[in-house]
Amino acid sequence: MSHIHRFPLPSPDDFDAQQTLDCGQAFRFQLQEDGSYAGVAGSHPCRIWQEGAAVVVECSCNEDDCAPFWRRYLDLGRDYGALKLILRQDPVMEKAVSFCPGMRLLRQDEWETLCSFILSQNNNIKRIKGIIATLCKEFGQKLHGGQYAFPAPRDLAGRTLGELGVLRAGFRAKYLLDAAQKVASGELELRALYSVPLGEAKERLMTIHGVGPKVADCVLLYGFGKVECIPKDVWIKRALAILYPGGFPAALEAVGGLAQQYLFHYCRTCPQALEEPRALAGAGI
DNA sequence: CCCCAGGTTCTGG
DNA sequence: CCAGAACATGGG
């Protein structure tokens, strides 16, 4: 059984599957020969692509109507046209947004986001994807289409470090285990983080061994939809230092996480992004 | 052999 | 409090 969902957007610029699903915020989508992306969102195996000014989702779930899930997952309630207009008033963001205007923030499962970014530390995206694929295949429930669900906290909490060895996750395995045990036991209740102040939520996440400020910000941004969180990874630190020597514009801080994602993808994908200011300076200003 | 990768923890001042 | 090293693993 498979449903096709078609979500119209104001502009064809408001969604691009590659820019959204392969920009380092989600790790479970793979480019297909037809240009669509196949993967798992939450517990939904799916394919996602764009057709003109619409996002199209094919999913094989047995829910009567999973459209609300997709609206939330794809952040369809947010007016990206208006937001991009605001961001583009800043000359640096103008370039970043122009580079990937179809990028959107995904609202992913909180637990999966936590694990994903624990595994991301001091690691590269290619290998992060591999570890997560193995994690799902080894410990997750089997779904339609040869896909696997992301393992629940309970699925991992009782495992030993030896059992997690198949992941080849290195020192991150013990962090994953600590997260699973704290969440499965109720010591850390993820849903409860919605009802406490942001700083408190971040501190609670950081009680997990292996979760520092950057990973916590990623979880809050990609899992809890807190767009004011700005994960400071090596790329963003470089970008801020070079492109915003005078500091990040205060007017954009309220949507700093979104700006961060455009910048991250721009700087990581386009090598000249961080070189141009040097060239200008060299030209004598 | 080196260095690096969407960091965090540990250690020595 | 703060700078460096250590941490597992795979790729260049």
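Note that the structure is predicted; figures quoted are calculated from it, not measured.
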**Report entry** A:F139 six-ring face occupied by A:R159 cation (under 6.0 Å, within 45°)
**Finding:** no
Query raised in the report: Hey, is A:W235 stacking on B:dG6? Ring centres under 5.5 Å, planes under 30°.
Result: no
To the nearest angstrom, how far is [X] atom [atom1] from [N] atom [atom2]?
{"X": "A:I128", "N": "C:dG10", "atom1": "CD1", "atom2": "C1'", "answer": "13 Å"}
{"X": "A:L164", "N": "C:dA8", "atom1": "CG", "atom2": "P", "answer": "14 Å"}
{"X": "A:I125", "N": "C:dG10", "atom1": "CD1", "atom2": "P", "answer": "18 Å"}
{"X": "A:R127", "N": "B:dG7", "atom1": "CZ", "atom2": "P", "answer": "12 Å"}
{"X": "A:N124", "N": "C:dG12", "atom1": "CG", "atom2": "P", "answer": "9 Å"}
{"X": "A:N122", "N": "B:dG7", "atom1": "CG", "atom2": "C1'", "answer": "6 Å"}
{"X": "A:L114", "N": "B:dT8", "atom1": "CG", "atom2": "P", "answer": "12 Å"}
{"X": "A:D178", "N": "B:dT9", "atom1": "CG", "atom2": "P", "answer": "10 Å"}

Query raised in the report: Of A:G210 and A:N123, whose nearest nucleotide on DNA chain B comes first from the 5' end?
Result: A:N123
Report task. Decide yes or no for A:D217 and A:I230: does some side-chain heavy atom of the first lie under 4.5 Å from some side-chain heavy atom of the second? Result -> no
Report task. Quick one: sort the A:Y175 and A:F171 rings into parallel, tilted or perpendicular, breaks at 30° and 60°. Result -> perpendicular
Query raised in the report: Going by the angle between their ring planes, with limits at 30° and 60°, are A:Y73 and A:F69 parallel, tilted or perpendicular?
Result: parallel
If you check the [X] side chain, which of [options] turns out closest?
{"X": "A:F171", "options": "C:dA8, B:dA5, B:dT9", "value": "C:dA8"}
{"X": "A:F264", "options": "B:dG6, B:dG7, C:dG10", "value": "B:dG6"}
{"X": "A:K174", "options": "B:dG6, C:dC7, B:dA5", "value": "C:dC7"}
{"X": "A:H209", "options": "B:dG6, B:dC10, C:dA8", "value": "B:dC10"}

Query - Short side-chain N/O contact from A:R168 to OP1 or OP2 of C:dG10, under 4.0 Å - result: yes
Requested in this report: Output yes when at least one side-chain N/O atom of A:R172 is less than 4.0 Å from OP1 or OP2 of B:dG6, else no.
Outcome: no
Report summary line: Separation between CD (A:Q108) and CD (A:Q25), nearest 0.5 Å, reads 6.0 Å
Report task. Please evaluate the base of B:dG6 for a donor-acceptor partner in the side chain of A:Y222 within a cut-off of under 3.5 Å? Result -> yes
Query raised in the report: Considering Watson-Crick and G-U wobble pairs with both distances under 3.5 Å, what does B:dG6 pair with?
Result: none
Measuring only the [atom1] atom in each nucleotide, how far is [N] from [M]? A whole number of Å is fine.
{"N": "C:dC2", "M": "B:dG6", "atom1": "P", "answer": "27 Å"}
{"N": "C:dA5", "M": "B:dC4", "atom1": "P", "answer": "13 Å"}
{"N": "C:dG10", "M": "B:dT9", "atom1": "C1'", "answer": "22 Å"}

Query - Connected via hydrophobic side-chain network under 4.5 Å: A:V40 and A:F29 - result: no
